[in-house]
Amino acid sequence: MAATARTELAAAGALFRSLGDPIRLAIVRLLADGERRVVDLTAELGLAQSTASSHLACLRGCGLVVGRPEGRQMFYALARPELLDLLRAAETLLAATGEAVALCPNYGAAASDFTAAEGRVCGE
């Protein structure tokens with residue numbers, strides 16, 4: 001495989017890993033509806049402030065989320081509208097595959113439930 005193809009695939013892999021955590025996906029879904037502060041995310045998702053902040057830092061580091069300061073608060077939003085297209089395509093694919101993905105022994109629902117993911121942060 002050519003070095004260019006490996007680099008492109010590595011970047012795609014990093015994108016999918018950044019979205020592969022259920023908490024980060026939940027944050028992205030909420031941000032799809034508009035800006036949120038950390039306090040909003042913690043209340044809506046039932047997370048600790050440090051957990052929400054860690055996941056936001058990961059999403060920011062990947063260029064998927066941006067922060068807008070306003071006074072002493074930071075409002076977070078999706079950086080790219082194309083991310084919504086990707087999520088819609090994923091939902092279509094999930095509908096087409098039915099339970100196959102949910103039952104996957106490596107990545108299915110049993111392997112990564114939301115509460116187990118709460119302690120993980122970017123790259124874990």
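A quick note: this is a predicted structure, and the numbers were derived from the prediction, not measured. Excluded from the calculations below are hydrogen atoms, water molecules and symmetry mates; all remaining heavy atoms, backbone and side chain alike, are included.
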Output, in order, the C-alpha distance, side-chain angles, deciding distance and verdict of side chain to side chain contact (heavy atoms under 4.5 Å, CB included) for E35 and R68. CA-CA 9 Å; E35 290 183 321; R68 178 182 63 81; 2.7 Å; yes
Residues A79 and G63: closest non-hydrogen pair is CB-O, 3.3 Å
Please report the closest heavy-atom contact between L59 and S18, naming both atoms and the distance. CD2-O, 4.1 Å
State yes or no: do L41 and F75 share one hydrophobic cluster built from I, L, V, M, F, W and Y residues joined by side-chain heavy-atom distances below 4.5 Å, directly or via other members? no
I need the L64 CG to E82 CD distance, nearest 0.5 Å. 11.0 Å
Could you grab the distance from atom OG1 of T51 to atom CG of L56, nearest 0.5 Å is fine? 11.0 Å
Pairs under 3.5 angstrom only: tabulate donor-acceptor contacts from the side chains of residues 1-10 to other protein residues two or more places apart or in another chain.
from	atom 1	to	atom 2	distance (Å)
R6	NH1	M1	O	2.5
T7	OG1	A3	O	2.9

To the nearest 0.5 Å, what is the distance between OG (S50) and NE2 (H55)? 9.5 Å
Residues L84, L78; criterion side chain to side chain contact (heavy atoms under 4.5 Å, CB included); working and verdict: CA-CA 9 Å; L84 296 176; L78 296 181; 3.7 Å; yes
Which pair of heavy atoms, one from L25 and one from L19, lies closest together, and at what distance? CD1-O, 2.6 Å
Chi angles and distances behind the side chain to side chain contact (heavy atoms under 4.5 Å, CB included) call for I27, Y76: CA-CA 10 Å; I27 290 171; Y76 294 94; over 6 Å; no
Strictly by salt bridge (charged side-chain N to carboxylate O under 4.0 Å, His left out), give each pair with a member in residues 41-55 just once, sequence neighbours left out. R36-E44
Any residue meeting side chain to side chain contact (heavy atoms under 4.5 Å, CB included) with R29, in chain and number order, not counting sequence neighbours: E91
Spacing of S54 atom OG and R24 atom CZ [to the nearest 0.5 Å]: 10.0 Å
Can you check side chain to side chain contact (heavy atoms under 4.5 Å, CB included) on F16 and L86, steps first, answer last? CA-CA 10 Å; F16 285 110; L86 178 63; 4.2 Å; yes
According to a hydrophobic-cluster definition based on side-chain heavy atoms being under 4.5 Å apart (Ile, Leu, Val, Met, Phe, Trp, Tyr only), do V28 and V66 belong together? no
Rounded to the nearest 0.5 Å, what's the gap from CG on L94 to OG1 on T97? Could you check? 5.0 Å
